[in-house]
A.B. asks: 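After the structure tokens below, expect a handful of questions from me.
Hydrogens, waters and symmetry mates are skipped; everything else that's a heavy atom, side chains included, is used.
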Amino acid sequence: MKVKQISVFIENKSGRLAKVTKILGDNQINIRALSIADTTDYGILRLIVSEPAKALSVLKAEGFTVRETEVIAVEIPDQPGGLAGVLNEIQAKGVNIEYMYAFVGKSLENAIVIFRVEDIDQAVALLKNSQVNLLPEAKVYSL
Amino acid sequence: MWSPEYESMSRQRLEELQLKRLKATVERIYQNVPFYREKMKTQGIKPEDLQTLADLKYFPFTTKEDLRENYPFGLFATDMDEVVRIHASSGTTGRMTVVGYTKKDINTWSEVMARSITCTGGGPRDRIQVSYGYGLFTGGLGVHYGAELVGATVVPVSGGNTKRQIQVMKDFGITILACTPSYALYMAETAEEMGIDLRTLPLKIGIFGAEPWTEQMRREIETKLGIKAYDIYGLSEIIGPGVAIECQEQEGLHINEDHFLTEVIDPQTGEVLPYGEKGEFVFTTLTKEAFPLLRYRTRDLSLLYPEACACGRTVARMHRILGRTDDMLIIRGVNIFPSQIESVLLENGDVSPHYQLVVDRKGNLDDLEVWVEVSEELFASEVRKLEHLGKSIKQKIESTLGINVRVKLVEPKTIQRSEGKAKRVIDRRELYQK
């Protein structure tokens with residue numbers, strides 16, 4: 001149920017984001033979801049891609065600081081209150097969220113949100129038998 | 001002149017005096033300091049081999065590393081009971097460079113500082129604001145004692161609290177200001193913000209040192225403060241401020257040669273260079289008791305003026321410092337070695353990340369930025385963790401160096417490397433004249 005996210009350290013200077021996406025494109029790697037956390041000096045680009053292992057190695061080869069981070073992907077009813085219901089459930093289980101971001105929209109029935117949680121193993125165990133619908137790894141990469 | 005009998009004595013008599021004092025110093029350190037005795041023995045030389053001043057070139061050098069290895073009191077030549085004062089400055093690694101003074105050494109220091117103040121036109125009627133730091137740093141107390149000896153009114157403000165400094169300067173009718181040149185400019189800026197025009201105050205003389213500066217900075221200070229700005233040179237190892245000072249001709253700094261014997265050497269070969277050539281300054285103390293130094297390599301580059309000075313002093317003049325032979329930086333008057341920052345970064349992991357120091361002068365104050373390349377080991381996908389990393393590096397560096405820094409996390413390979421070696425320092429201040 002754990003999904004591999006690729007995190008890239010990016011300095012706030014022009015062209016860096018374009019460079020990352022170009023490297024991925026040139027290597028036929030598809031971006032499924034992304035988010036950027038930014039500070040004054042740098043940003044952290046987080047990606048869900050079709051081939052995380054390959055993405056990691058090609059970005060590393062180009063000199064980027066890259067890391068693989070485990071996250072969970074949660075299916076959320078695409079309707080008002082959908083996310084609120086899931087967050088409520090997660091909170092009730094006592095799982096702490098570090099950050100989250102939504103999947104790039106596609107014609108899916110449900111929305112998909114990526115969560116980075118404090119203790120992923122505990123979170124997976126707690127959420128398995130809940131109303132929260134965790135997506136399996138392979139499905140996420142191929143969405 | 002404070003001591004015309006020494007400052008303007010004939011060169012021949014000066015050299016006789018220097019030789020007499022040098023012989024006594026060499027004999028004493030050979031007897032009292034095992035380090036010097038061993039070094040001379042290794043070099044196959046004895047104190048009696050010193051027959052002329054030129055013979056000094058056969059004697060061994062002393063380096064900052066020697067000082068570090070003999071931390072804290074290994075090179076002291078007197079019993080600790082005789083030592084009345086200790087000062088220290090930062091070293092290349094965690095260890096400080098420690099120096100000691102006997103009562104007589106303090107008197108010598110006061111004497112050379114009194115000469116320095118007199119040399120710039122200061123006297124007993126002056127009110128001198130000492131804005132150098134007081135403490136282990138030699139700046140504050142060194143100027144203080146000299147000013148008291150001159151009979152001036154000393155106001156020991158020490159560093160910091162700039163608005164209060166301006167208030168004191170104005171309300172107390174200060175006529176001489178002693179601080180680092182960059183701090184003088186910062187004061188001018190602060191005064192302007194406070195609506196005080198320093199040019200209208202009684203202030204007339206500035207005694208500035210502890211960091212390199214340029215002619216351009218001097219003109220800026222002189223214009224903004226409405227004063228004459230004098231360059232003072234010194235280093236704690238030799239005594240502190242007062243080793244050399246500019247006179248009113250402002251053509252080089254007069255070295256107190258009856259106390260400090262000067263050689264200029266080729267930093268690569270160690271050969272003594274002819275008068276007037278640029279090289280590394282090497283000092284031998286001639287009168288110091290607690291902490292005498294034999295041929296101490298300062299790492300400061302400059303040259304000696306061959307001509308006599310119009311002011312009447314016969315002691316030699318040195319050009320203002322033209323550079324360094326090592327990578328030491330002087331930031332806001334504090335000596336900083338890149339290796340100190342490297343050792344802080346090492347504490348964060350097994351491997352020191354690549355780093356670079358970027359020094360600039362912003363609004364007349366030195367600004368030190370430490371760039372650290374974020375390696376995989378340091379990287380995390382959470383902003384919180386990266387911010388914590390930046391802050392902890394900042395805090396550790398600040399507690400080691402004692403000055404504020406800004407830490408910037410950068411991508412790998414951001415820092416230029418030449419021949420595989422990273423360039424550790426980018427100094428944009430242009431402090432040394434080309």
A.B. asks: To the nearest 0.5 Å, tell me how far A/Leu56 CG sits from B/Glu376 CD.
C.D. replies: 7.0 Å
A.B. asks: Please find the pair of heavy atoms, one from B/Glu411 and one from A/Phe64, that lie closest to each other, and give the distance.
C.D. replies: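 B/Glu411 and A/Phe64 have their closest heavy atoms at OE1-CE2, 4.0 Å.
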A.B. asks: Counting N and O atoms only, with roles assigned by atom type, does the side chain of A/Thr69 sit under 3.5 Å from a partner on the main chain of B/Ser381, one being a donor and the other an acceptor?
C.D. replies: no
A.B. asks: Given heavy-atom pairs under 4.5 angstrom as the criterion, report whether the side chain, backbone, both or neither of A/Ile10 touches chain B.
C.D. replies: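 Contact with chain B is through both the backbone and side chain of A/Ile10.
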A.B. asks: Please check if the number of heavy atoms outside A/Lys13 that lie under 6.0 Å from its NZ is greater than 12.
C.D. replies: yes
A.B. asks: Can you give me the closest heavy-atom contact between B/Ala380 and A/Ile44, atom names plus distance?
C.D. replies: O-CD1, 3.8 Å
A.B. asks: Are the side chain of A/Arg116 and the backbone of B/Glu382 linked by a donor-acceptor contact shorter than 3.5 Å?
C.D. replies: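 Between the backbone of B/Glu382 and the side chain of A/Arg116 there is no qualifying donor-acceptor contact (under 3.5 Å).
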A.B. asks: Check B/Phe379 against A/Phe9 and note the closest heavy-atom contact, atom names and distance.
C.D. replies: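 Minimum heavy-atom separation between B/Phe379 and A/Phe9: CZ-N, 3.4 Å.
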A.B. asks: Side chain, backbone, both or neither: which part of A/Arg67 has an atom under 4.5 Å from a heavy atom of chain B?
C.D. replies: both
A.B. asks: Looking at A/Thr39 and B/Glu387, what are the two nearest heavy atoms and their distance?
C.D. replies: CG2-OE2, 3.7 Å
A.B. asks: Is it the case that more than 12 heavy atoms not belonging to B/Glu192 sit under 6.0 Å from its CD atom?
C.D. replies: no
A.B. asks: A/Glu98 versus chain B, heavy atoms under 4.5 Å apart: side chain, backbone, both or neither?
C.D. replies: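 Contact with chain B involves the side chain of A/Glu98 alone.
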A.B. asks: Measure distances from A/Tyr42 to the heavy atoms of chain B and classify the residue's part below 4.5 Å as side chain, backbone, both or neither.
C.D. replies: side chain
